[in-house]
Amino acid sequence: MDQEKIKILVADDEDPLRMTIAAWLGDEGFDVQEASNGLDAIKIVQTSDFDIALLDIKMPGANGLEVLRFIKKNSPTTEVVMMTGMSDVSMAVEAMKLGSKEYLTKPVDMDQLVPQLRSLIKKRDAEERIRQLQSEHTARLLYDLHNPIAGLKQSIGYLVKGMAGPVGDHQKELLGYMSNSIDKVIGLLNDMMDLTKLEGGRVRLNKGIANIADGVNRVTGEFRVPFQSNKITLDVHCDTDLPPIEFDSQKIEQVVQNFLSNAVKYTPQQGAVVVQVKPVAMVMEEGQQPMDFIMTSVFNSGPGIPAEELPLIFDRYRNVVEGGNGKKTTSLGLVICQRIIEAHNGKIWVESEPNKGATFSFALPIR
């Protein structure tokens with residue numbers, strides 16, 4: 001990355017030091033913005049993307065650690081460098097644990113600052129290139145696995161139809177079992193390919209202005225037959241005066257489909273599923289003002305999720321057991337949902353107690 005394109009945020013309540021650093025970096029060709037306190041730094045990060053944030057640890061409003069947490073959650077590609085006095089080294093160590101790449105002790109050595117920042121950007125770009133190569137390799141591997149397995153599924157279909165000779169009832173039963181197992185593998189491969197694309201940044205959101213209730217009603221309509229077949233009551237409640245918002249309707253409908261698929265799977269006969277769409281005010285980060293969102297939630301009266309399993313719901317590497325029925329889910333579908341909602345700058349979560357059902361929710365910002 002050319003240095004003139006590097007954007008840097010300098011946040012420090014010491015005006016002389018902050019302005020000196022900003023002027024020095026500006027003379028070196030960097031694009032620099034300043035913040036005189038932590039809250040201003042958070043506001044600036046909400047509206048602009050930066051390559052590097054230079055943060056003082058002790059600032060009024062929100063200290064450097066709070067700004068660091070916000071950046072790591074909302075702008076993960078921004079590298080953070082902390083600035084601290086000698087007496088605050090322990091806080092600098094804590095900042096490193098939270099994701100800060102380096103820390104500088106005051107007074108800052110200006111002659112060393114620019115080479116340090118350039119080196120930091122080179123390392124970041126190299127790491128990003130490695131991640132891209134890994135993602136591309138994984139995508140190719142999944143694609144190469146998918147094709148022969150899909151071909152095997154087709155061949156089993158030919159056998160079941162007797163196209164290779166007569167098939168007895170016992171053979172049909174075994175072939176049916178094989179076909180179902182292959183369907184599960186293909187489903188997992190499809191999920192992995194979707195997840196790889198999302199994590200590799202190769203899926204662009206096709207956003208438009210729409211009313212999210214329209215999509216929710218469309219998806220729930222598709223699920224009425226399976227709910228009726230399983231004797232599950234489905235209630236849908238959408239506020240009538242919801243404002244239109246900007247989102248990718250196909251991707252958000254995919255999230256709702258996942259929530260409803262889980263509800264069909266885990267809700268017992270004579271159970272209930274309740275879908276709600278309504279406006280809410282939420283605080284995304286500690287110290288921020290509440291923001292307006294539209295929340296979509298899907299409650300199912302199934303067995304619920306044990307408390308120890310709740311933190312694992314969006315963990316791609318863990319299987320989660322729903323309540324006492326022993327059914328397991330790989331959670332890949334939920335991980336994909338999480339990536340989709342995060343790409344919309346929204347929030348996704350689950351609330352549950354054993355034997356009291358579970359509520360899966362996501363919220364999208366109105367602005």
Honestly curious: do [X] and [Y] fall in one hydrophobic cluster under the side-chain, below-4.5 Å linking rule?
{"X": "V274", "Y": "Y266", "value": "no"}
{"X": "F299", "Y": "V256", "value": "no"}
{"X": "V185", "Y": "L141", "value": "yes"}
{"X": "L174", "Y": "V160", "value": "no"}

Residues D40 and N37: side-chain donor-acceptor under 3.5 angstrom
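Side-chain D/A pair, D40 to N37: present.
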
Can a donor-acceptor pair be found between the side chains of Y158 and Q154 at a distance below 3.5 Å?
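Yes, a side-chain donor-acceptor pair sits under 3.5 Å.
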
Is it true that a side-chain atom of [X] and a backbone atom of [Y] form a donor plus acceptor pair closer than 3.5 Å?
{"X": "D109", "Y": "D111", "answer": "yes"}
{"X": "D56", "Y": "A11", "answer": "no"}
{"X": "T47", "Y": "I44", "answer": "yes"}
{"X": "S352", "Y": "G357", "answer": "yes"}
{"X": "E66", "Y": "N63", "answer": "yes"}
{"X": "S119", "Y": "P115", "answer": "no"}

Check ion pair K106-E14 (N to O, under 4.0 angstrom):
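Salt bridge flag = yes for E14 with K106.
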
Counting only heavy atoms not in [X], do more than 12 sit closer than 6.0 Å to its [atom1] atom?
{"X": "N147", "atom1": "CG", "value": "yes"}
{"X": "E173", "atom1": "CD", "value": "no"}
{"X": "Q171", "atom1": "CD", "value": "yes"}

I'd like to check [X] versus [Y] (side-chain heavy atoms, cut-off strictly below 4.5 Å). Are they in contact?
{"X": "L334", "Y": "Q338", "value": "no"}
{"X": "N258", "Y": "I336", "value": "no"}
{"X": "V10", "Y": "M19", "value": "no"}
{"X": "K72", "Y": "L98", "value": "no"}
{"X": "V255", "Y": "F360", "value": "no"}

Can you list every side-chain hydrogen bond (donor to acceptor under 3.5 Å, both in side chains) pair that touches residues 17-26, not counting sequence neighbours?
D15-R18, R18-E34

How long is the straight-line distance from CG of D51 back to OG of S75, given to the nearest 0.5 Å?
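So the gap between those two atoms works out to 9.0 Å.
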
Interatomic distance, CE@M295 vs CZ@F362, rounded to 0.5 Å, equals 10.0 Å

